[in-house]
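Following: one structure in structure tokens, then a few remarks.
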2 protein chains.
Amino acid sequence: MFSVSARTQYAIRAMVHLAMREGHTATAAEISAAEHIPAKYLEGIMSRLKLSALVDSERGKNGGYRLAGRPEDISMLAVIEAMDGSVRPVSCLGSQTNCSATAAGPSCLPKKFWGGLKEAIDAYLGSKTIRDVVEG
Amino acid sequence: MFSVSARTQYAIRAMVHLAMREGHTATAAEISAAEHIPAKYLEGIMSRLKLSALVDSERGKNGGYRLAGRPEDISMLAVIEAMDGSVRPVSCLGSQTNCSATAAGPSCLPKKFWGGLKEAIDAYLGSKTIRDVVEG
DNA sequence: ATATATTCCTACTATCCAGATAGGAATTAC
DNA sequence: GTAATTCCTATCTGGATAGTAGGAATATAT
């Protein structure tokens, strides 16, 4: 239950790897080898991280990736959201559309419960940073 | 991210429905109609709830289901675990087997982070009961 | 300039599982 | 004995996840 995608786990390991390089670039190939992540698959992950402005990249020879900020300023929530979008236990959270549960009536009792779960998860993930993970 | 299966949402709505029946039995067909849950699919859900001793059942004519305890004594964690097992963001939590991340070494930095997430989720889900949800 | 190393882009494939359906067997009330 | 119900087993299907493939664009070094 509530399992995290391989993609997200890979992304976090990649970010941790970059954090330990302390500003020096690391190539996707290097990260792939060090963290046991399929090389081609990792490329797509790095692209997403770039799109979310969590890493900077340099193309061409001697290129590679580096963190776009200090490890203590990058929340785990940001990394996870870059991979799989915002935390949303049920799809009706954050959208106006009614789910099947409310098709016949105005109220959906569990909605507040799910909202609370989202808040609990967001609070934890938002409070942790790459630095916290690096320090174990 | 962290989306909850339809099965779990159905199960919760079914439990809430039973709670509102205050000890009287409700048939699967009745719950299905009231909560807009596919009838045959709901049967399997009720079986699981029974297996986890969250509901009692009576077979045959005038049979049906009722809560196996008071709504305030049934935690949401128990209901969710009955559907999809225990909260486990990453598979290495709760098992001794090493994941690919640790194949080449003894340590996995993110493990503590994931453990903390599990605890945060368990704490929230464990603190809420069917009664809380019924009261909205 | 040319070779090389890298990111970046698009498309494809395979596997797995959630969600749902179907048919009937076992059980009980009346 | 009939109707209503839970219970059991098997099967189908769509979509998502994980991973692969091939190459275009870009930058560096010599």
Side-chain angles (χ1 to χ4, degrees), chain A residues 1-11 13-14 18 21 24-33 35-66 68 80 83-85 88-91 99-101, chain B residues 1-14 18 21 24-33 35-66 68 80 82-85 88-91 99-101:
Chain A
M1 192 69 216
F2 295 116
S3 63
V4 166
S5 67
R7 193 169 57 193
T8 292
Q9 296 180 56
Y10 290 160
R13 301 221 300 267
L18 290 180
R21 300 275 290 148
H24 299 107
T25 63
T27 68
E30 174 194 321
I31 300 170
S32 163
E35 302 291 335
H36 309 97
I37 304 171
K40 275 296 198 179
Y41 195 47
L42 179 60
E43 284 186 20
I45 290 169
M46 299 313 295
S47 280
R48 281 179 184 249
L49 291 173
K50 168 103 194 265
L51 243 133
S52 297
L54 294 174
V55 302
D56 289 331
S57 67
E58 279 170 20
R59 304 178 74 169
K61 197 163 184 184
N62 295 341
Y65 298 93
R66 69 167 63 85
I80 291 173
M83 292 299 111
D84 293 332
R88 194 188 290 183
V90 293
S91 59
C99 61
S100 66
Chain B
M1 191 68 218
F2 294 116
S3 62
V4 165
S5 67
R7 191 169 58 192
T8 291
Q9 297 179 56
Y10 291 160
I12 289 170
R13 302 221 299 267
L18 290 181
R21 300 275 290 149
H24 299 107
T25 62
T27 67
E30 173 194 323
I31 299 171
S32 162
E35 303 291 335
H36 310 100
I37 303 171
K40 274 297 199 178
Y41 194 47
L42 179 60
E43 284 187 19
I45 290 169
M46 299 314 294
S47 279
R48 282 179 183 249
L49 291 173
K50 167 106 195 263
L51 226 90
S52 297
L54 295 174
V55 301
D56 288 332
S57 68
E58 279 170 22
R59 305 179 73 170
K61 198 165 184 184
N62 296 341
Y65 298 94
R66 70 168 61 87
I80 291 174
M83 291 299 112
D84 294 332
R88 193 188 291 183
V90 293
S91 59
C99 60
S100 66

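Proteins get letters first, then strands, A, B, ... in listed order; numbering begins at 1 in each.
- Between B/Ser57 and D/dC7 there is a side-chain polar atom (N or O) within less than 4.0 angstrom of OP1 or OP2.
- A/Ser32 places a side-chain N or O within donor-acceptor distance of the main-chain N or O of A/Ile37, the cut-off being under 3.5 Å.
- Counting non-hydrogen atoms under 4.0 angstrom, A/Ala29 reaches nothing in the nucleic acid.
- In this structure, NZ of B/Lys50 is placed 8 Å from P of D/dC8, rounded to the nearest angstrom.
- Rounded to an integer number of Å, the gap from CG of B/Leu42 to C1' of C/dA20 is 12 Å.
- Counting any heavy atom pair closer than 4.0 Å across all strands shown, B/Glu43 reaches a base atom.
- A/Arg59 contributes a side-chain N or O that forms a donor-acceptor pair with the base of D/dA25 under 3.5 Å.
- Looking at the side chain of A/Lys61, the nearest of the listed nucleotides C/dT28, C/dA18, C/dT4 is C/dT4.
- OP1 and OP2 of D/dT5 both lie 4.0 Å or more from every side-chain N or O belonging to B/Asn62.
- Residue contacts for B/Gly44: at a heavy-atom cut-off of 4.0 Å it reaches no nucleic acid atom on any strand shown.
- Between A/Tyr41 and B/Glu58, the residue anchored closer to the 5' end of DNA chain D is B/Glu58, taking for each the nucleotide with the nearest heavy atom.
- We find that CZ of A/Phe2 is positioned 14 Å from P of C/dA18, with the value rounded to whole Å.
- On a pure distance criterion of 3.5 Å, a polar donor-acceptor pair joins the side chain of A/Lys40 and the base of D/dG23.
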